[in-house]
Q: 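The structure's right below; bear with me while I get my questions together.
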2 protein chains.
Amino acid sequence: MTRKTDTLYVNALAKGLQVLRAFDEANSEMSLSQIAARTGLDKSAVQRLANTLHLEGFLEKDSGTRRFRPSHAWLELAYAYYWSDPLVPQAMPKLIELSQQIGETINMAELSGEHIIYVSRLPTKRSYFAATIIGRKLPALSTSAGRAILSTWPEAEWRAAVADWPLKSFTPRTTLDRDEIADSIARIAQDGYAISCNQMILNEIGLAAPIWGPDGRARAAVQCSVSSYRWDEDMLREKVLPVLLETANAISPMGQG
Amino acid sequence: MTRKTDTLYVNALAKGLQVLRAFDEANSEMSLSQIAARTGLDKSAVQRLANTLHLEGFLEKDSGTRRFRPSHAWLELAYAYYWSDPLVPQAMPKLIELSQQIGETINMAELSGEHIIYVSRLPTKRSYFAATIIGRKLPALSTSAGRAILSTWPEAEWRAAVADWPLKSFTPRTTLDRDEIADSIARIAQDGYAISCNQMILNEIGLAAPIWGPDGRARAAVQCSVSSYRWDEDMLREKVLPVLLETANAISPMGQG
DNA sequence: TTATAAGTATTACATTGTGATACTTTTTAT
DNA sequence: ATAAAAAGTATCACAATGTAATACTTATAA
């Protein structure tokens with residue numbers, strides 16, 4: 001609609017991106033009018049944009065239902081992303097090793113604004129679908145990985161984050177109390193690792209260790225998700241934590257402990 | 001530059017997508033002029049497009065080097081893709097199980113035009129980076145997965161593909177002889193699985209089984225990559241093939257054998 | 001230090017995207 | 001089965017928006 005920084009801002013492109021962004025978990029396949037409704041763009045605009053995206057291979061079109069779907073190009077972009085993120089090539093072999101060593105699901109998450117995003121996932125146990133695919137974004141404050149990252153920041157900064165950043169309830173036991181989260185992070189800062197239960201899904205325990213950046217603050221974390229039917233916190237601390245920390249340190253650009 | 005289907009084609013959007021596509025394995029971080037050079041767009045256009053992509057969160061900009069990089073949004077798109085592809089949720093738990101069962105790297109690939117694209121990867125052994133990340137596109141004819149898929153097509157059609165589709169040499173032993181490939185596919189059609197050596201990387205053996213579609217032709221395959229230092233073809237046939245086939249059939253929408 | 005290249009900003013112009021409208025097809029309700 | 005409503009498709013006149021040239025600034029190389 002309205003342009004931003006004027007003459008250096010290409011409206012038509014921004015609208016096209018808006019169309020891409022309209023697809024998500026809950027809207028994985030949309031008709032023209034659904035896209036129009038979701039983006040707030042008008043019918044004609046969506047018609048042209050979707051058509052262009054289709055011709056350029058960014059949208060699949062079902063000739064039967066006339067619905068649009070993401071195309072393989074979306075995965076190709078992820079491929080390109082991976083080559084651009086120096087942490088990924090560095091981490092991958094170590095993450096694989098770790099996942100085989102302990103036989104549990106290992107993830108690497110990076111901070112993305114006020115959320116964390118899963119960049120690598122190595123599932124070893126069947127679990128719910130969303131936990132097995134990359135690119136998932138979750139409120140940083142609600143995840144062990146996010147808290148582990150924040151814990152490496154100067155206290156004033158992470159406290160500001162705890163005060164401001166978004167929270168969302170995923171299970172009946174997701175912590176929504178910001179004071180409680182602050183206490184948790186203070187503790188993580190001391191211990192050097194984060195542990196959390198029932199935050200994203202019930203009966204799941206998350207264990208996360210920060211990947212230190214060269215400036216002493218983490219921008220990523222290695223995380224391990226296990227079922228509370230097979231593990232308890234003490235077992236995790238004993239069996240998993242040492243190797244998890246070792247892996248996180250080995251990935252850390254400076255290797256700081 | 002030139003517009004396509006006229007009035008339903010938004011040039012500015014297409015150019016913006018061109019910019020996104022310019023990033024790849026070899027160009028993971030580019031300056032304005034590099035983007036201009038690679039896309040063939042002129043300086044001013046790239047300036048505006050890159051700026052817009054940046055403002056919309058699709059390009060990261062290093063304030064030091066002024067170079068642009070893919071952003072986390074590229075992974076979010078992959079996340080959306082996964083929800084749109086019905087095969088992935090269906091396959092994921094079975095792929096995980098398989099990878100744990102045999103302890104070797106399991107992939108799922110789909111046909112994407114004349115290439116295959118890796119949609120899921122479950123590495124269990126450290127290997128070269130490109131083999132551990134999703135979204136990689138390879139000539140279908142050069143891969144066990146691609147051939148397994150083609151082998152389910154009517155003979156005339158796959159023979160046409162063998163004649164026309166692109167080939168690329170990855171190792172000194174990549175098969176570039178189309179007759180040889182045709183023989184290989186004929187055999188796969190009989191056997192119901194594909195096996196190949198040294199195609200993408202030396203000392204690697206690939207074993208692939210088609211995931212049958214409802215129309216009797218495959219559009220995806222389950223694939224297993226192993227090192228020839230630890231395996232030979234007979235061992236693979238004995239130990240891995242049965243479970244691989246079982247998995248592929250379990251994923252197949254119709255469950256056809 | 002100068003020269004060359006790359007990035008940034010501005011502007012005048014007309015190409016290109018806009019959104020209204022009308023037409024066709026599909027879906028839903030009666 | 002038929003009508004009504006909704007969704008998809010096509011066309012068009014207008015001017016808003018993207019264009020590319022140019023000039024200015026900042027980096028990099030000679």
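As a basis for the values below, the full set of heavy atoms in this structure was taken, side chains included, without hydrogen atoms, waters or symmetry mates. Letters A, B, ... are given to chains in the order of the sequence lines, protein chains preceding strands, and every chain is numbered from 1.
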Q: Using the side-chain heavy atoms of B:Val10, tell me which of these nucleotides is nearest: C:dG17, D:dT9, D:dG18.
A: C:dG17

Q: To the closest 0.5 Å, what do you measure between CG (A:Leu13) and CD (A:Gln18)?
A: 11.0 Å

Q: In whole angstrom, what separates A:Asp42's CG from C:dT21's P?
A: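 Nearest whole value for this atom pair: 12 Å.
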
Q: Among the candidates C:dT8, D:dA10, C:dG19, find the nucleotide nearest to the side-chain atoms of A:Arg48.
A: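 Out of C:dT8, D:dA10, C:dG19, the nucleotide with an atom closest to A:Arg48's side chain is C:dG19.
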
Q: With respect to the side chain of A:Leu32, which nucleotide from D:dG8, C:dA9, C:dG7 is positioned closest?
A: D:dG8

Q: How many Å lie between CD on B:Gln34 and P on C:dA5, as a whole number?
A: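 About 15 Å, once rounded to whole Å.
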
Q: Could you state the atom-to-atom distance from CG of B:Asn51 to P of D:dT17 in whole Å?
A: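 Distance check: B:Asn51 CG to D:dT17 P gives 17 Å.
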
Q: Does A:Lys43 contact C:dG19 through a side-chain donor or acceptor facing the base, at a distance under 3.5 Å?
A: no

Q: Looking only at side-chain N and O atoms, does B:Arg66 come under 4.0 Å of OP1 or OP2 in D:dA27?
A: yes

Q: Rounded off to whole Å, could you give me the CG-to-P distance for the A:Leu8 and D:dT25 pair?
A: 17 Å

Q: Ignoring hydrogens and geometry beyond distance, is a side-chain donor-acceptor pair present between A:Gln47 and A:Ser44 at under 3.5 Å?
A: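 Checked: A:Gln47/A:Ser44 side chains show no N/O donor-acceptor pair below 3.5 Å.
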
Q: Rounded to the nearest Å, what distance is computed from the OH atom of residue B:Tyr9 to the P atom of nucleotide D:dG18?
A: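 Rounded to the whole Å, the gap is 16 Å.
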
Q: Any donor-acceptor pair under 3.5 Å linking the side-chain atoms of B:Tyr81 with those of A:Glu76?
A: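 Short answer, no.
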
Q: Below the 4.0 Å mark, does D:dT19 have OP1 or OP2 next to a side-chain nitrogen or oxygen of B:Lys15?
A: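 True: B:Lys15 side-chain N/O within range (under 4.0 Å) of D:dT19 OP1/OP2.
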
Q: Between B:Ala12 and B:Phe68, which has a closest nucleotide on DNA chain C that is more 5'?
A: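 Upstream on the strand: B:Phe68.
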
Q: For C:dA5, does OP1 or OP2 lie under 4.0 Å from any side-chain N or O of B:Ser33?
A: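 Result: no.
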
Q: Can you check the B:Lys61 NZ to C:dA6 C1' distance for me, whole Å?
A: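 It works out to 12 Å between those atoms.
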
Q: Within the structure, does a side-chain N or O atom of A:Ser31 lie under 4.0 Å from either OP1 or OP2 of D:dG8?
A: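 Checking D:dG8 against A:Ser31, a side-chain N or O does come within under 4.0 Å of OP1 or OP2.
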
Q: Using heavy-atom distances to pick each residue's nearest nucleotide on DNA chain D, tell me which of A:Leu13 and A:Arg67 is more 5'.
A: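 It is A:Arg67, whose closest nucleotide lies nearer the 5' terminus.
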
Q: Just how far is it from atom CG of A:Leu32 to atom NZ of A:Lys43, taken to the nearest 0.5 Å?
A: 9.0 Å

Q: Provide, to the nearest angstrom, the distance between the CD atom belonging to B:Gln47 and the C1' atom belonging to D:dA21.
A: 12 Å

Q: Between D:dG8 atom P and A:Leu49 atom CG, what is the distance in whole Å?
A: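 Nearest whole value for this atom pair: 15 Å.
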
Q: For A:Ala45 and B:Thr65, find the nucleotide of DNA chain C closest to each by heavy atoms; which residue's nucleotide sits nearer the 5' end?
A: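 Taking each residue's closest nucleotide, the earlier one in sequence belongs to B:Thr65.
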
Q: State whether the side chain of B:Arg147 and the backbone N or O of B:Leu141 hold a donor-acceptor pair below 3.5 Å, judged by distance alone.
A: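 The answer is yes, because a donor-acceptor pair under 3.5 Å joins these two groups.
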
Q: Where the side chain of A:Asn11 is defined as all heavy atoms beyond and including C-beta, which of C:dG19, D:dT17, D:dA20 is the nearest nucleotide?
A: D:dT17

